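Just below is one structure, and these are the notes that go with it.
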Amino acid sequence: MRRAIGLWTGLVVVMLYLPVLCGVLASLGQSRYFRFPVQQWSTAWWERTLSSIEIGILIRTSLAIAACVTVAAVVIGFVGALAFARYDWRGRRLYQKLLLLPIFFPQPVLGLALLLWFNALGAPLSWWTAVVAHLVWIVPVVTLVIAIQVYGFDPALEEAAADMGASRLMVLREVTLPLLWPGIWSGALFAFLLSWGNFPLSLYTTGADSTVPEWLYAKMVAGYTPMVPTLGTLATLAAAGALLLGGGLLALVRRVREAG
Amino acid sequence: MAEPILRLAGVGKTFGQLRAVDRLVLDVEEGEFLTIVGPSGSGKTTLLRMLAGLETPSEGDIVLRGRRINDLPPEKRPTCLVFQSLALFPHRTVGQNIEFPLKVRGVAAAERRRRAHELMAMVRLPADYYGKNVQKCSGGERQRVALARAFAYDPEILFFDEPLSAIDYKLRKTLEKELKDIHKETGKTFIYITHSLEEAMVMSDRIGVMHQGRLVQVGTPEDIYQRPRNLFVAAFMGEVNQIPVRRNGNGTWEGLDLAGHFRADATAERGHLVIRPELMRFVSARDAADNVVEGLLYNEYSLGSRLQYQIRVGEKVLVVERSRGDAFAGDPSAPVLVGWDVRDQLFLED
């Protein structure tokens, strides 16, 4: 029985990661077109990809969008999560429902709708408009992630701090933020990764700028080169790295705190 | 008389239609240990939250040393609340928790550390707990940390919101006595709320009994126990026998749910006789006590050092408590006589 479970688990993991492996294989062939099995191994496409100015710009644009989205989404999401889970106010239940709705909108429709709005408002399309578009979808997700942490937080802790003379700012700095930190950190990771990998919203709203997923799609449609799987693998590795780093840091802080 | 440290002048709080606290009038003396007791939902926590500044009164004034503090936020009040959950900061050590109010005030680290150790000694926490994670402390230790932290704030009045309710019986008894000692040592004013009368009796100088948002009676533990003002207080103070009575022409009172004529020192037409179980006794003759009824012994319980008997008299059940040395010795199947004297009963007018 244990063996069967182990086998099943292994199978699921392989199925999950096999496509990624395909990308790696496709990037390591010498030929211009993907053939399986690989005839001649080569790192030439990796070298070309890493030295390409165009791809450098793509990565920088994607990083810039993801960074801006992360900062803005965490700030808005943090405040939103307090309203979502900490305070009782009229209309809270409606707010909770309205907030979650954008997560379930089909993203291409949302992208198109935002494009129409930007045009109507006369906002010139660039990676900045993409930041706004990403926020529409990512802020609800981040709010939800942080709200889960807020639900496990005893409001009496804030009251106690205030009762012992702490100003609002001190309560925030000494009690609220340190206790909600794991949730905020997870929210930031979500924001970064969801923005980094987003295609449908970027497609409509980046204008002349281009992100990594957009370029990957464009090159798949016309003008395939093995730089596509190379960059794809690179982007996947970057995301995995960010996740590991984030998770590792979280675990480290937890351990330091508990050691006291 | 000295000016009260805290004065409640018609303090009330309404939530929608509900009057949680109903226009309380109360003076608290400097240095006293005042306990507010009442069942759940009697408004005592709301009262305490208003005093701490966590709720704003809907009416009336809270006056601290002659100054109205209704709108003063909690961080500006010289009072400190020990929460029911204790509200210790889980991400801080014992030392950091205790030093929190000092840190807020900008006290230097070395001085904070010195003061924290002083306070730990006062609440009987070992000095090596300074760097311990609060989440690893036991229930009793956490109580002590919370108390030390409240004292670090150096408040003029300390409020306690049933902090001992989650502690097991034996440890609770120890902590109650320690709290009373600390109250004496420091001379601070303590206002404590609880639903346990026993707790109130052990610690308090004065007890206020709250019921449905009102203070029904305020007095010393002795007062409350011996001279409850009404049936609610009498029943809240522990198990009592209540016999509703109506005056007869001949100067005695006739039981309404219990056949018999009773003697009492009273002038009212109707009322209740209230008799504590330990003041009732088994008698051998009708004239061996001022008031005697006849019933059947129908249950017997051991309360440890005491025995409790339930006596069925008609439709009613009376409760009698005797010490082990004075246990019921008669025939349990025959009718028994239960009696008590007029001086041991309380007559509460309706």
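From a predicted model like this one, the values you see are computed outputs, not experimental measurements. Below, chain A is the first sequence line, B the second, and so on; all start at residue 1.
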- Do we get B/R113 above B/Y130's six-membered ring, with its NZ or CZ under 6.0 Å from the centre and within 45° of the axis? yes

Whatever's closer than 4.5 Å to a heavy atom in chain B on A/D154 counts as side chain

If one checks every heavy atom of B/L81 against chain A at 4.5 Å, the contacting part turns out to be both

Turns out that what part of B/L88 lies under 4.5 Å from chain A's heavy atoms comes down to backbone

### Message
Quick test of your reading of the model: are B/R49 and A/E159 salt-bridged, counting only N-O distances below 4.0 Å?
### Response
yes

Rounded to the nearest 0.5 Å, the CG atom of B/L164 sits from the CD atom of B/E176 at a distance of 6.0 Å

When the 4.5 angstrom heavy-atom criterion is applied to B/R149 and chain A, the contacting part is both

Verify salt bridge (Lys or Arg N to Asp or Glu O under 4.0 Å) between B/R105 and B/E111, making sure each step is shown before the conclusion.
CA-CA 12 Å; B/R105 214 173 289 162; B/E111 170 62 14; over 6 Å; no

Exercise for review: In sequence, state the C-alpha distance, the side-chain angles, and the governing distance for B/E118 and B/R114, and then conclude on salt bridge (Lys or Arg N to Asp or Glu O under 4.0 Å).
Suggested key: CA-CA 6 Å; B/E118 250 176 44; B/R114 192 191 60 73; 2.4 Å; yes

Are A/R168 and B/E75 within salt-bridge range, i.e. N to O under 4.0 Å?
no

Scored by heavy-atom pairs under 4.5 Å with chain A, the best of B/Q84, B/K103, B/Q96, B/K76 is B/K103

Applying a strict 4.5 Å limit to non-hydrogen atoms, the region of B/F89 in contact with chain A is both

Among B/G53, B/P101, B/P73, the residue with the most heavy-atom pairs under 4.5 Å to chain A is B/P101

Okay, A/E158 and chain B: the region with an atom under 4.5 Å from a heavy atom over there is neither

